[in-house]
Amino acid sequence: MTRNLSDRSRELKRSAFAEFFAEAVEMQRSGEDVIHLHVGEPDLRTPDHIVEAAQLAMKEGFTHYTPPEGLFELREAIAEKLKRDNRIEVDPSSEVSVLSGGYNALYCAFQVLVNPGDEVIVPEPCLPQYWGDIGLAGGRAVPIRLVEEGQFRPDFEELKEKVNGKTKLILLNSPQNPTGSVLTREDMNHIADIAEGNDLMVLSDEVYEKFIYNGLGHTSFASIQGMKERTITINSLSKTYAMTGWRVGYVAAESELIAKIRSMSEHTVWCPNSIAQKAAMAALKGPQDCVREMVEEFRNRRDIITAGLNEIEGFTCSPPRGAFYAFPNVEETSLSSMELAQLLLREAQVAIVPGIAFGARGEGNLRFSFANSKKNIIEALERIRKVVKKMS
Ligand code: PLP
């Protein structure tokens, strides 16, 4: 009965993304040949050496609780990785916590940082979970525009304008979901000045860090001079090692925050999955050519999907610099992003995500994931081209 629900849970809504996903799955179940270009996970298998580490852990009986903050050896491997790849130096005993995926890490971080009434600046379009998590912590997400003509980088003037006495935190996500944008070091320096000048914290969601195609490389916000103390870095093994189902993520930040994040974890899941933690160690310490090969494959797919989308009437798409999403502008079709996504699902059997699912600033665009085979991407583009042609 509704009257039994907490006020907090009353506010929880099923996202437009979940709705869409359910419809695509239902169509597939009833025998339709749906091509899934809406999924936000690599289609490739988790590399064998990672799977084997998990098998060994199970065989050896490593199937019990671990400390809430995760295994020390895994935190050590994360600290080594952060130093090597991200130029962030952390103490594995007090400045890192392992969580059950990036989503869990985000939830715990917002709970620990945000007070009722606090404002969090969120570049939009963005992952819808940010608003939900901020709302659950009693805060308010304040959107700023990612500018399409500026390769979906933030409107820095708007960012400065939106900062006020209630602002607690700036959220960054580079490479970005859904636009595929990547912040440059200059962008980060700019944001660092704003954070410093207004005494703000920065939450940096870096789960797509390895998926960069423009040769710029990834800059971690905490590696910018003077920013380590202000930054909560969130990362995950999900995308880098095709491990979305294993649910291993982590947070790096100063020790006081990490102590509270560990308590949050303790009060929600106790600890991340023990077997998956062993697999994560194998991923971080093992050979990295599997990552390079995957990114190379995604680079090819990116080129195919960008070229194909630009051939569709009413679609314009600049090549994404990162992540594995293309975010074409479809305003010239004269349909809303939801209408067009529904039409393409029903008429072309291609599932994609309407831009509006990522916030009002996503309207006018569609998100295409290229985490699917080249064959399927080419077939999907052909089907869409035919359906859109019929419209004109
Ligand atoms: N952050 C971003 C920007 C994402 O797109 C996702 C997942 O799609 C996550 C975090 C969470 O991923 P996971 O919980 O699998 O680590």
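Scope of the values below: all heavy atoms of this structure, side chains included, with no hydrogens, waters or symmetry mates. Whatever order the structure lists them in is the order used to number ligands and atoms, beginning at 1.
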**Study point:** Short N-O contact, Glu379 and Arg383, less than 4.0 angstrom
**Key:** yes
Review point. For Arg247, is the nearest heavy atom under 4.0 Å from an atom of ligand 1?
Key: yes
Review point. Can a non-hydrogen atom of Tyr130 be found less than 4.0 Å from any atom of ligand 1?
Key: yes
Practice item. Please determine if Arg385 and Glu313 form a salt bridge, counting it only when a charged side-chain N lies under 4.0 Å from a carboxylate O. Key: no
Review point. Do the ring planes of Phe368 and Phe315 sit parallel (below 30°), tilted (30 to 60°) or perpendicular (above 60°)?
Key: perpendicular
Review point. Do Glu297 and Lys374 sit within salt-bridge range, that is, some charged N less than 4.0 Å from a carboxylate O?
Key: yes
**Study point:** Distance filter under 4.0 Å to Ser236 heavy atoms, resulting ligand 1 atoms
**Key:** 13 (P), 16 (O)
Review point. Taking a hydrophobic cluster as the set of Ile, Leu, Val, Met, Phe, Trp and Tyr residues connected by side-chain heavy atoms closer than 4.5 Å, whether directly or through intermediates, do Leu309 and Phe358 fall within one such cluster?
Key: no
**Study point:** Flag, side chain of Asn376 to backbone of Asn372, donor-acceptor distance under 3.5 Å
**Key:** no
Review point. Does any N/O atom on Gly102 come nearer than 3.5 Å to any N/O atom on ligand 1?
Key: yes
Practice item. Under 4.0 Å from a heavy atom of Gly101: give me the atoms of ligand 1 that qualify, with their elements. Key: 14 (O), 16 (O)
Practice item. Could you tell me how the ring of His38 sits relative to the ring of His36: parallel (under 30°), tilted (30 to 60°) or perpendicular (over 60°)? Key: tilted
Review point. Nearest to atom 7 (C) of ligand 1, what protein heavy atom do you find, and at what distance?
Key: Lys239 NZ, 3.0 Å
Point to revise | Polar atom proximity, Thr244 to ligand 1 (N or O, under 3.5 Å) | key: no
Check your understanding: Which of parallel (below 30°), tilted (30 to 60°) and perpendicular (above 60°) describes Tyr213 and Phe370?
Key -> tilted
Practice item. Could you tell me which atoms of ligand 1, counted from 1 in the order shown, lie closer than 4.0 angstrom to a heavy atom of Val207? Key: 1 (N), 2 (C), 4 (C), 10 (C)
Check your understanding: Nearest protein heavy-atom contact for atom 10 (C) of ligand 1: which residue, which atom, what distance?
Key -> Asp205 OD2, 3.5 Å
Exercise for review: Compute the shortest N/O to N/O distance between Asn173 and ligand 1 and return yes if it is under 3.5 Å, no if not.
Suggested key: no
Point to revise | Closest protein heavy atom to atom 15 (O) of ligand 1, given as residue, atom name and distance to 0.1 Å | key: Ser238 OG, 2.6 Å
